[in-house]
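Here the structure comes first, spelled out in structure tokens, and everything after it is commentary.
Computed over heavy atoms, backbone and side chain alike; hydrogens, waters and symmetry mates excluded. Letters A, B, ... are given to chains in the order of the sequence lines, protein chains preceding strands, and every chain is numbered from 1.
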Amino acid sequence: MAIEIEKPSSVRLSKVAISKTHGEDSPYFAGWKAYDENPYDEIHNQSGVIQMGLAENQVSFDLLEKYLEEHHEVSSWGKGAPGFRENALFQDYHGLKSFRQAMANFMEQIRGGKAKFDPDRIVLTAGATAANELLTFILADPGDALLVPTPYYPGFDRDLRWRTGVKIVPIHCNSSNNFQITPEALEAAYQSAESMDLKVRGVLITNPSNPLGSTIQSSVLNDILDFAVHKNIHLVSDEIYSGSTFSPSEFVSIAEILRNRNYKDAERVHIVYSLSKDLGLPGFRVGTIYSYNDDVVTTARRMSSFTLISSQTQHLLACMLSNHEFTQNYIKTNRERLNKRYDMIIQGLKKAGIECLKGNAGLFCWMNLSPLLNEPTRQGELELWNIILNQVKLNISPGSSCHCSEPGWFRVCFANMSEQTLRVALQRIHKFMEQRKVCSVNQ
Amino acid sequence: MRLIVPLQGVVQGRGGLILGSLIPCALFYFLQLYLKRHRSPKPQSNPPSPTTSSPKLAEMTRTSSRSNLFSRSIGQVRISSRAISIAKLNESPYYIGLDKASEDPYDRLSNPDGVIQLGLSENRLCFDLIEKWMSENLGHSITGRDNGELNINGIATYQPFDGTMELKLAMAGFMSHIMGGAVTFEPSQVVLTAGATPAIETLCFCLADQGNAFLVPTPYYPGFDRDVKFRTGVELIPVHCRSTDNFALSITALDQAFNQTRKHGTKIRGILLSNPANPVGNLLSWEMLYAILDFAREKNIHVISDEIFAGSMYGNEEFVSMAEVLDSEGFDKNRVHIVYGLSKDLSLPGFRVGVIYSFNENVLAAARKLTRFSSVSAPTQRLLVSMLSDARFIKEYIKTNKRRLQNMHALFVAGLKGLNIRCADSSAGLYCWADMSKLISSYSEKGELELWDKLLNVGKINVTPGSACHCIEPGWFRCCFTTLAEEDIPVVLERIRKAVENTTDLLNSS
């Protein structure tokens with residue numbers, strides 16, 4: 001028998017597979033691991049880690065449950081399952097017309113009727129994660145760049161860059177003006193990209209902002225759109241938290257800005273939306289791209305073959321979102337409850353001597369712990385984050401994972417737990433701050 | 001003209017003639033620019049509607065390239081080159097035929113002159129069984145009952161992107177069952193995706209870089225061109241199979257294609273197989289599977305085995321999964337990845353449920369992370385856990401499905417034979433691979449497409465021409481018969497007969 005010479009045994013994987021661009025080695029995700037290993041439970045594990053790093057909305061489940069209880073037929077096609085087989089066979093990337101119509105209506109309701117949406121411009125994707133990636137594939141080639149204001153959602157590093165090969169160039173914002181985007185910052189980012197020989201293809205904003213928890217002002221939106229027009233690039237507005245604005249009048253969608261301009265320059269604007277935050281249904285995997293550009297709509301639709309929404313889910317949600325009584329009540333009640341939670345956490349933090357950025361939307365607040373840092377650096381921030389994770393047993397997201405240029409800021413989620421759990425978290429923070437005061441007095 | 005002459009008079013001197021012509025031209029140009037900039041926009045309360053949903057693709061391509069050319073001068077914003085090339089792919093007859101059939105679908109009662117769809121491999125034979133199961137079991141299986149309380153919490157919140165453990169368990173069991181019970185699948189090696197389409201794409205992203213290639217036997221499923229190439233930039237190298245040996249794959253052909261491609265400087269990263277094959281419907285034997293694994297070992301490349309039709313057997317052969325051969329022989333399992341899904345065997349394409357099954361921990365780790373872009377919807381997961389765990393139902397379903405498939409296949413193939421159209425030998429799938437080469441005017445792709453066009457526009461039946469499947473021999477067509485009822489078969493045959501009426505061979509049918 002011939003002796004087999006050992007060839008290099010492992011068969012090769014792609015660059016995408018071995019790349020670290022998925023970012024799961026960062027503290028943002030390390031905190032999750034700590035939580036998974038020792039999760040807080042009101043009854044069974046009161047000393048566990050409280051998850052405050054997950055932007056999930058659990059405050060309005062009862063409304064959803066009540067609807068489903070009263071409308072069995074939407075989740076079972078009714079007695080004898082009429083329409084089931086058509087639904088089971090339906091894999092058209094245009095998506096169910098009734099569902100697109102319902103989504104368009106829902107998006108209009110959230111904006112108080114101040115913008116109109118055409119169902120034929122809606123492209124459905126399995127989540128906003130897929131929507132953002134898809135748009136990046138369409139708007140930019142590998143090696144091109146998108147400008148994204150900091151601080152931004154850590155997931156963008158993965159969603160916009162991993163498989164697309166596109167780069168992110170940050171638009172630096174800072175606390176001197178509440179982290180608002182300025183024309184100077186936009187221009188600086190553009191120049192920075194140019195100096196690295198990168199072609200800028202678009203600006204991607206999140207409005208309301210994650211992690212800031214605040215809406216972008218009308219004047220700033222106009223500046224950003226003007227900038228995009230001037231540079232002849234795209235503008236993507238991720239409005240996934242639009243229904244989570246505490247007061248409806250405070251949110252201005254890019255759709256309204258366009259309407260005010262009679263849709264001039266609209267062909268460069270694309271809106272991303274999803275039901276994961278406003279409706280608290282991330283498990284359903286429902287995202288949309290709304291584009292004013294025909295080519296983008298057509299291309300996105302074809303590309304959505306890789307990320308279609310289950311027809312069963314489309315059917316269920318089409319029924320639910322077409323029920324105006326339900327949606328009106330839901331939107332209103334959800335806002336009120338989020339507002340209440342926000343007030344609760346802000347007051348609680350204030351009592352503990354912690355300031356937050358003034359917020360008006362989202363499922364989190366942007367907390368300023370810079371006075372507590374040993375040194376005003378990323379390292380100092382990570383040290384503090386570690387203490388909060390391991391001693392105070394709270395998983396919060398450090399600003400550095402959001403690419404914030406100023407150390408010491410943290411994103412704290414408040415909607416993914418019961419009020420009781422939030423109280424426990426605030427007590428822990430209070431205690432921690434008290435102990436630090438004692439320590440510093442004794443030094 | 002009237003403007004130029006007086007100006008010439010005004011601008012006297014050496015440059016007069018030139019300046020006198022230039023100035024009015026310049027003025028004219030600036031006037032146009034001014035008018036363009038200040039043209040008052042039509043007042044619009046609604047955003048402009050997009051152009052009709054299925055634009056002629058040649059025009060679409062032209063529009064895109066126009067916007068590319070003029071992006072700097074007129075100000076039209078640019079889209080990526082990837083996006084532009086996607087437009088080109090939809091020019092295939094495979095997609096054009098699908099569109100046409102869906103625009104004017106045949107219905108025995110309400111639209112008897114509509115286009116009969118034989119181009120979409122969908123199984124409509126057993127919906128009655130599923131509907132019965134739904135009405136007996138569905139109840140609250142979506143929202144679930146937790147201690148009698150309705151509980152949406154279990155499905156509303158973020159789930160593991162690669163699927164819940166319950167569904168992975170149920171799926172592993174189902175796959176084993178449907179493939180004859182000869183192999184056990186491990187739930188921990190199951191990665192769930194929103195359909196087999198993203199399963200294939202995700203694997204390509206994991207196994208190959210842009211510019212690398214996969215070998216794929218022809219004829220192959222037209223969708224592979226999209227799934228493999230669209231966004232990954234990975235190439236497909238055809239390995240031609242011929243009718244002389246019933247389109248069986250040969251290692252010699254694989255080897256030749258491998259060497260040819262390498263000579264051109266392209267790296268082959270793996271082989272992409274469909275087993276059961278689409279569009280031919282034949283099976284890979286144990287010996288062949290072994291030989292492929294041996295070849296892959298020799299070249300140190302991956303093997304992707306798309307086994308999505310494993311449960312759609314009608315022939316007498318036994319289906320052998322790549323996993324079965326791996327189990328018994330001492331091959332390195334790290335190079336083998338199986339794709340599966342519920343779109344064919346369980347007729348649920350709309351629900352978007354696909355599987356990547358791999359033995360390679362690194363591939364699994366990467367694929368799991370990538371499923372965030374294409375996860376199975378939670379209510380669907382919950383419904384399927386119920387359905388797939390119902391062993392009695394699954395057993396009855398598999399049995400009945402096979403029987404009905406056998407029946408339809410036999411009727412359809414016999415019918416075609418009556419028209420002197422023979423089909424390739426096949427044991428599985430929802431289609432047959434028909435040889436209509438005697439009916440085409442010229443033995444070429446052009447002749448084949450002419451026949452396809454005649455069948456579609458005159459005969460009003462949509463079948464998939466072999467060229468869309470990259471078949472090297474013209475005249476072969478894939479005909480899916482599982483969207484038909486028995487009564488529809490004579491209608492189809494009559495339409496084929498009518499469409500090719502003037503072809504002598506049909507008249508000489510034995």
For this session: Report yes or no: is the cationic atom of Arg85(A) (NZ for Lys, CZ for Arg) under 6.0 Å from the centre of the six-membered ring of Phe127(B), at an angle within 45° of the ring normal?
Result: no
Problem set entry | Distance, nearest 0.5 Å, that separates CG of Leu348(B) from CD of Gln91(A) | 11.0 Å
Exercise. How are the rings of Phe373(B) and Trp162(A) set relative to one another: parallel (under 30°), tilted (30 to 60°) or perpendicular (over 60°)?
Worked result: tilted
Exercise. Are side-chain heavy atoms of Met303(A) and Arg82(B) found at a separation under 4.5 Å?
Worked result: no
Exercise. Any idea which of Ala367(B), Pro198(B), Ser102(B) has the most non-hydrogen atom pairs under 4.5 angstrom with chain A?
Worked result: Pro198(B)
For this session: With a 4.5 Å cut-off on heavy-atom pairs, point out which of Asn293(A), Val286(A), Val16(A), Leu279(A) contacts chain B the most.
Result: Val16(A)
For this session: Under 4.5 Å heavy-atom distance to chain A, tell me which part of Ser347(B) shows up: side chain, backbone, both or neither.
Result: backbone
Exercise. Would you call Arg12(A) and Asp209(B) a side-chain contact if the rule is heavy atoms closer than 4.5 Å?
Worked result: yes
Exercise. Taking the side chain from Ser310(A) and the backbone from Arg352(B), do they hold a donor-acceptor pair closer than 3.5 Å?
Worked result: no
Exercise. Side chain, backbone, both or neither: which part of Ser276(A) has a heavy atom under 4.5 Å from chain B?
Worked result: side chain
For this session: Check whether Val296(A) gets within reach of chain B through its side chain, its backbone, both or neither, counting any heavy atom under 4.5 Å.
Result: side chain
For this session: Name the member of Val353(B), Thr232(B), Asn123(B), Asp227(B) that forms the most heavy-atom pairs with chain A at distances under 4.5 Å.
Result: Asp227(B)
Problem set entry | Student check: side-chain heavy atoms of Arg163(A) and Thr202(B) closer than 4.5 Å | yes
Exercise. SG/Cys206(B) to CD1/Ile18(A) distance, rounded to the nearest 0.5 angstrom?
Worked result: 11.0 Å
Problem set entry | Side chains of Arg158(A) and Arg372(B) in contact at under 4.5 Å (non-hydrogen atoms) | yes
Problem set entry | Interatomic distance, Arg285(A) atom CZ to Gln381(B) atom CD [nearest 0.5 angstrom] | 10.5 Å
Exercise. Is there a side-chain contact between Thr313(A) and Phe351(B) (heavy atoms, below 4.5 Å)?
Worked result: no
Problem set entry | Any side-chain heavy-atom pair of Ser80(B) and Phe137(A) under 4.5 Å | no
Exercise. Chain A heavy atoms under 4.5 Å from Ile301(B): which part of the residue, side chain, backbone, both or neither?
Worked result: backbone
Problem set entry | Non-hydrogen side-chain atoms of Val11(A) and Asn360(B) separated by less than 4.5 Å | yes
Problem set entry | His302(B) side chain near Leu13(A) side chain, heavy-atom distance below 4.5 Å | yes
For this session: Output the distance between atom NZ (Lys15(A)) and atom CZ (Phe205(B)), rounded to the nearest 0.5 Å.
Result: 13.5 Å
Problem set entry | Contact origin within Ile309(A) toward chain B - heavy atom pairs under 4.5 Å | backbone
For this session: State the CD1-CG distance between Ile79(B) and Asp141(A), to the nearest 0.5 angstrom.
Result: 10.0 Å
For this session: Measure the OG-CG distance between Ser377(B) and Leu308(A) for me, rounded to the nearest 0.5 Å.
Result: 12.0 Å
